[in-house]
Amino acid sequence: MKSTKQSRSRVAADQQKLCQFSFADGRQCRMFRADSHASLCVFHAREELQLLEADEIADELASISGQFRTQTDINHVVGKLFKLVAAGRIPARRAQNLSYLAQLLLQSQKDIRWETNIAYNLDHRAWDDTVRAAYPAPEPEPEPEEETQPDEAVPAN
């Protein structure tokens, strides 16, 4: 005897009080709408927020130079990752995976430096040039102009 599963039905006097999320198979979420969201339950509102924050978090995890070539780049990103985990914006499991990838990047730094120097005929300054290109020198800040006091009017005799 086969039985088909049906979604639970929740009877509400006002359908606007129910979550408006639709599943891929056409079923409708029947949880009560969250007070903090116009149309979704707490669970689906949290999922929506995580999706919206995903791009923002990816931008925050960008390295200083835009690449992951130097240890400074990777250290900078790991520091940002630490802050995001502490703030609860990234799940611990995802942070663990990203930390593992950062570890792999750090382990490959020695080989990247070696390859860079080999590519430039064993010129050991090649790696220094690569780092300088990744971190251009900051432009000097303009010196503040001194405010000049207008000459006080000399009373005429």
Next item on the list: Start with the C-alpha gap between Q28 and L18, add the side-chain angles, then the distance that decides, and say whether side chain to side chain contact (heavy atoms under 4.5 Å, CB included) holds.
Entry: CA-CA 9 Å; Q28 189 85 18; L18 298 179; over 6 Å; no
Check: Within the side chain of K80, is there an N or O that forms a donor-acceptor pair under 3.5 Å with the backbone of S63?
Finding: no
Next item on the list: Treating Ile, Leu, Val, Met, Phe, Trp and Tyr as nodes and any side-chain heavy-atom pair under 4.5 angstrom as an edge, say whether V42 and L40 lie in one connected cluster.
Entry: no
Check: Which residue pairs pass the ring pair (Phe, Tyr, Trp, His ring centres under 6.0 Å) test with at least one member in residues 44-67, sequence neighbours excluded?
Finding: F21-H44, F23-H44
Margin query: On a heavy-atom basis, which atom in C41 and which in C19 lie closest, and how many Å separate them?
Written below: N-SG, 3.3 Å
Notebook entry, point to check: If you count the non-hydrogen atoms of other residues, nucleotides and ligands that lie under 6.0 Å from CZ in R94, is the total more than 12?
Noted result: no
Next item on the list: For residues E60 and K83, determine if any side-chain heavy atom of one lies less than 4.5 Å from a side-chain heavy atom of the other.
Entry: no
Notebook entry, point to check: More than 12 heavy atoms of other residues, nucleotides or ligands under 6.0 Å from CG of D25: is that the case?
Noted result: yes
Checklist line | Test item: L84 and L61 side chains (from C-beta on) under 4.5 Å apart, heavy atoms | finding: yes
Next item on the list: Output the distance between atom CG (L106) and atom CG (L101), rounded to the nearest 0.5 Å.
Entry: 11.5 Å
Item checked: Any D73 side-chain heavy atom under 4.5 Å of L105 side chain -> no
Next item on the list: Determine the minimum heavy-atom distance between A102 and V78, stating which atoms define it.
Entry: CB-CG2, 3.7 Å
